[in-house]
Amino acid sequence: MHYLLKTQALYNPTKRTIGPALVEIRDQRIAAVYEPDNQEAMESHANPEFIVPEALKHLPLKDLGQQMLLPGFIDAHVHFYPSSLIQAGILGQVGGATPEIVARQAQDLPLRQGWRLGIGWYASEFQPSQQPHRRMLDRYCSEPTMLLSGDAHSIWLNTAALEALGLNPDNVVTLSGQALVDEADGQLTGTFLEAAAVYYQTEVFRRFHEEAVLAMQDFSRHLHAMGVTAVGDVAITGESPDDMVYPELYERALAQVPLRLSFFPAMRSNREPLRQLYQRYRGPWLQMGGVKQFFDGVTSSHTAYLKSEYPEPYYPGDVGGPLIPIETQHDFILAASQEDWPMRIHAIGDRAIELTLTYYKEALAKFPLSLGKFHTIEHLEVMDWDDLDLVAQEQLVVSVQPSHLMVGYDSLDEEVGPERAKHMFPFKEFLKQGATLAFGTDTPVVVNVTPLESLHYAVHRQTWDGLPPQGLMPEQRLTLEESLYAHTLGAAKALSRTDIGGVEAGMWADLVVLSHDLRSVKDWRQVKVTATYLAGQQVY
């Protein structure tokens, strides 16, 4: 395999430039990149042949013309297993302004393995805000039914599901979060929060493991069509015994449909099983990238850990709280650095963010990671700007999800208060502080978000329909080049990989071709992925 790709619009994340170039691909890797050596030539399209060295003219050449060539997009933050179930139609979509609207939708979900499964409701979106009850779901669904909240931090079960799992108030699992109990009759309401919710998710999902292998292959093809060539699959819980990270299943799926997958299981007190995983999975396609933990939950259920009270507190002094003891989290971060494992911490509330960044700074001072490895802080939604200087750490990546900007953006004032809301998602401020930014989607929290959509949200801070008209905190808009970096080389750093994310000699030839130069198109909905390459082979 030895050929050339030629374009008038190569995005080079190392140089952060867009211009004409010739990319030489040999033996699955990028052999060389030939670009004009001066800015005038970079901007000139008058003589496109000038960048083709005479010695290479005998090689097969595909001239992309004005189509844009760039490194394959990397989704730094996914939950691969449940996203695959959605792709396969096993996990359907629900949502609405009342529990009854959602329950009515549930009756139309497909019956798979005797269960109806859905995802998408938010208690904070119900009018009035409320947690749902099994009795409402019982009206419409007699079969066992489980509905995940849109952020996957809560589940809603009907009576048949509680019976199928053999659950009652006396035998529910004791993990962070809780099983809600009806004060009137002392019975379970069917709503579970945080780690308790994930525990029962995995109990239900376990019956779909065999189907999931084919579902993962279909999801990988779906990612190819988006131009995604690598993902970071992160634990969906830091406490439940099953963290929904399944390398054995991934290995079977990727043997048939290629994708670069770095997985991050939950950090545990017993580190020996993690050491074994880290030694076993070090390949170029499937590798354990490090470990994951959760400092807090989400604002919609008041489980995000804030510095001051929620605007509509559930109880006096309601600031949420840590999901595991703070001392344990501190020890986990130090231990991960000592093991030379990149660690990824979910932190949404401003107190959780402050503590995570402070502990990372301490850990990296005591136990610096090997060259090319990075700790990562995930989400950073409710950011206290007094803590901004903490993001500028040399071996730290700030991992954000531009699509989260548009999820309930019109209810942020009510959720966290107007003063905190106006400082949320400060992407530009992170860069001004010198942070390394990485983009992801957090699928299935937000489903089927393409890289082009993520770029749009970051650059415009608006929906495709131009809402809100002035943009959401418009002063935090990024440039196209800044956003492309976050979805390629920045995201590669979140996976602690130095062999993907760029177009440098020696890197894997993972590339994507877009139908248009993004600089020349106002509405990026017109732009299509025309080709995706993995290790030099066209997979889409």
Side-chain angles (χ1 to χ4, degrees), residues 1-26 28-57 59-74 224 226-230 439 451-452 454-455 459 478-493 498-521 524 526-540:
M1 179 193 302
H2 194 185
Y3 63 94
L4 304 172
L5 291 175
K6 180 183 173 186
T7 178
Q8 293 301 310
L10 171 74
Y11 171 66
N12 185 327
T14 304
K15 298 180 179 179
R16 307 197 188 204
T17 57
I18 301 174
L22 185 77
V23 179
E24 179 185 0
I25 296 169
R26 182 173 59 216
Q28 302 183 329
R29 294 182 181 266
I30 294 170
V33 179
Y34 303 91
E35 297 174 281
D37 56 7
N38 61 74
Q39 187 63 31
E40 183 180 354
M42 284 285 284
E43 295 171 352
S44 171
H45 295 176
N47 183 18
E49 293 301 321
F50 72 98
I51 61 171
V52 183
E54 189 67 33
L56 300 180
K57 288 188 176 180
L59 293 175
L61 181 146
K62 183 171 184 179
D63 192 340
L64 303 174
Q66 300 298 323
Q67 293 185 88
M68 194 171 198
L69 178 66
L70 60 155
F73 290 115
I74 299 171
H224 295 165
M226 295 182 184
V228 175
T229 55
F439 281 174
L452 289 170
S454 291
L455 295 174
V459 171
L478 300 183
T479 66
L480 171 61
E481 289 79 5
E482 289 168 341
S483 300
L484 286 171
Y485 185 93
H487 230 330
T488 54
L489 199 55
K493 291 180 178 180
T498 59
D499 56 349
I500 59 175
V503 287
E504 300 301 309
M507 287 186 166
W508 292 104
D510 298 350
L511 302 163
V512 62
V513 182
L514 303 180
S515 59
H516 299 76
D517 182 340
L518 293 175
R519 298 171 300 175
S520 65
V521 180
W524 291 344
Q526 302 173 23
V527 180
K528 307 298 181 186
V529 173
T530 59
T532 303
Y533 296 85
L534 268 164
Q537 294 281 358
Q538 188 169 349
V539 295
Y540 174 78

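The first residue of the sequence shown is numbered 1, and numbering continues consecutively from there.
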Out of curiosity, [X] [atom1] to [Y] [atom2], how far, rounded to the nearest 0.5 Å?
X    : Y    : atom1 : atom2 : answer
T488 : N12  : OG1   : CG    : 9.5 Å
L452 : L518 : CG    : CG    : 6.0 Å
K6   : D63  : NZ    : CG    : 4.5 Å
T498 : M507 : OG1   : CE    : 7.0 Å
M68  : L484 : CE    : CG    : 5.5 Å
I18  : Q8   : CD1   : CD    : 13.0 Å

Is it the case that the side chain of [X] and the backbone of [Y] share a donor-acceptor pair, with hydrogens and angles ignored and the cut-off at 3.5 Å?
X    : Y    : result
H516 : Q67  : no
R29  : G506 : yes
Y3   : G536 : yes

Between [X] and [Y], which heavy-atom pair has the shortest distance, and what is it?
X    : Y    : result
V513 : L64  : CG2-CD1, 3.9 Å
K62  : Q538 : NZ-OE1, 4.3 Å
I500 : A230 : CD1-CB, 3.8 Å
V529 : Y540 : O-CE2, 3.3 Å
I30  : V503 : CD1-CA, 3.5 Å
L56  : L4   : O-CD1, 3.5 Å

Problem set entry | Sub-4.5 Å side-chain heavy-atom contact between Q537 and Q28 |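 Sidechains of Q28 and Q537: no contact.
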
Problem set entry | Y11 side chain reached by L514 side chain, heavy atoms, under 4.5 Å | no

For this session: Mind running side-chain contact (heavy atoms from CB on, under 4.5 Å) on L61 and L22 for me, showing each step along the way?
Result: CA-CA 9 Å; L61 181 146; L22 185 77; 3.9 Å; yes

For this session: Start with the C-alpha gap between Y533 and I25, add the side-chain angles, then the distance that decides, and say whether side-chain contact (heavy atoms from CB on, under 4.5 Å) holds.
Result: CA-CA 11 Å; Y533 296 85; I25 296 169; 5.7 Å; no

Exercise. Could you walk me through whether V459 and W524 pass the side-chain contact (heavy atoms from CB on, under 4.5 Å) check?
Worked result: CA-CA 11 Å; V459 171; W524 291 344; 4.0 Å; yes

Exercise. Where do T229 and V512 land on the side-chain contact (heavy atoms from CB on, under 4.5 Å) test, with the steps shown first?
Worked result: CA-CA 8 Å; T229 55; V512 62; 5.9 Å; no

